[in-house]
Asks: 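The structure follows.
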Amino acid sequence: MTHLFKSVPVKSYEITPKATYLSRRDFIKAAGVIAGSAALAACAPSLVEESEADVPFNPAYVDELGDPANTYEEITSYNNYYEFSTNKEAVKSLAENFNPRPWTVEVYGLVNKPRTFGIEDLLKLFPQEERIYRLRCVEAWSMVIPWQGFTLASLLNLVEPTSDAQYVRFETVYRPEEMKGQGSAFYPWPYNEGLRMDEAMNDLTILATGLYGEMMPNQNGAPIRLVVPWKYGFKSIKSSVKIELTNERPNTLWSTVAPNEYGFYANVNPDVNHPRWSQASERRIGELSRRETLMFNGYGEQVAEMYADMNLQLHY
Ligand SMILES: Nc1nc2c(c(=O)[nH]1)N[C@H]1C(S)=C(S)[C@@H](COP(=O)(O)O)O[C@H]1N2
Ligand SMILES: [Mo]
């Protein structure tokens, strides 16, 4: 299988303390280009190699468009995780006492081999690889995040979906004692999400267990969360405990709360605006000017085919 994106196995000796990486702003300065310009995407990595920046630069932490990853600090202190808070800056401290051990993920439904996995099993069974992906929130901000994890397909293949399985449903843990946001009657807890079978089996779709070579921080969805990089961030459900194979399209929290604003597919699409704001551009965290939003968040080559006969204005 060809990997069109950056995908390297995580080797501990390659993991340099994150503080020694160039910050996003230093990277842009070193590259000698203006943030957000097309030139940056095309030639940033080689420019940086030639610039002999005084801070070590690891080219592994650049996405396949040449965009540098956001800093660990940015990725872990600006989070959407409504189980804790709707305030992105407050999530980190509110999630501090959440305990992601012990943890099990039940994989069941239309499968030949249903199985409940301990998080340790998942870490042992599947080689953890690094994937540097853009994350585009429906609220029109974005980041580049170096995840590590494994493909959802590798897990599903192990449990053997039956030929009736058409969708995969995911559910976040329900722990109102530890997650005070789950006390809010406004949302139908637990958070749930879903993918069509082909989306779930796509090689871009991963279950992430960490970022920047470290175990997943609580605020980012410890100990395991879905990452579907061509869809709006809300599809990438955090802290999953259930994965169900089904022949019915699953309910999803956001399409239940506001069906006219959030559909089942939620593919990143600059041509379909949110009813209350434009989706044509986005604010990359750490950059000053806005950048254009890319169709399928820039992953069209790997995913557009799945939607070839769908009207994406209708199936938003
Ligand atoms: N369980 C759960 N998963 C969730 C959310 C949430 O509130 N609860 N927020 C989603 C949204 S809107 C986004 S943008 C991403 C943010 O992921 P990050 O905090 O790791 O950047 O997580 C998604 N997964
Ligand atoms: Mo989001």
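Ligands are counted one by one from 1 in listed order, and the atoms in each one are counted from 1 as well. We count residues from 1, following the sequence as given.
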Asks: Within ligand 1, which atoms have a heavy atom of Tyr82 less than 4.0 Å away?
Replies: 6 (C), 7 (O)
Asks: Can you sort out which atoms of ligand 1 are near Asn79, meaning under 4.0 Å from one of its heavy atoms?
Replies: 18 (P), 19 (O)
Asks: Does Arg225 reach ligand 1 with a nitrogen or oxygen that is under 3.5 Å from one of the ligand's nitrogen or oxygen atoms?
Replies: yes
Asks: With under 30° as parallel and over 60° as perpendicular, where do the rings of Phe84 and Tyr81 fit, or are they tilted in between?
Replies: perpendicular
Asks: Decide whether the shortest distance between a heavy atom of Glu193 and an atom of ligand 1 is less than 4.0 Å.
Replies: no
Asks: Looking at Asn97, I want to see if its CG is surrounded by more than 12 non-hydrogen atoms of other residues, nucleotides or ligands under 6.0 Å.
Replies: no
Asks: Evaluate Asn80 for polar contact with ligand 1, using N/O atom pairs at a separation under 3.5 Å.
Replies: yes
Asks: Out of all atoms in ligand 1, which are within 4.0 Å of some heavy atom of Thr172? Include the element for each.
Replies: 1 (N)
Asks: Regarding atom 10 (C) of ligand 1: of the candidates Phe234, Tyr187, Tyr81, Trp147, which has the closest heavy atom?
Replies: Phe234
Asks: With a 4.0 Å cut-off on heavy atoms, is Ser239 touching ligand 1?
Replies: no
Asks: Would you say Tyr78 and ligand 1 have an N/O pair spaced under 3.5 Å apart?
Replies: no
Asks: Please could you name the atoms of ligand 1 that Cys137 approaches to less than 4.0 Å, counting only its heavy atoms?
Replies: 14 (S)
Asks: Please identify which atoms of ligand 1 are closer than 4.0 Å to at least one heavy atom of Ile237.
Replies: 3 (N), 24 (N)
Asks: Of all the atoms in ligand 1, which lie at a distance below 4.0 Å from a heavy atom belonging to Tyr191?
Replies: 1 (N), 2 (C), 3 (N), 4 (C), 5 (C), 6 (C), 7 (O), 8 (N), 9 (N), 10 (C)
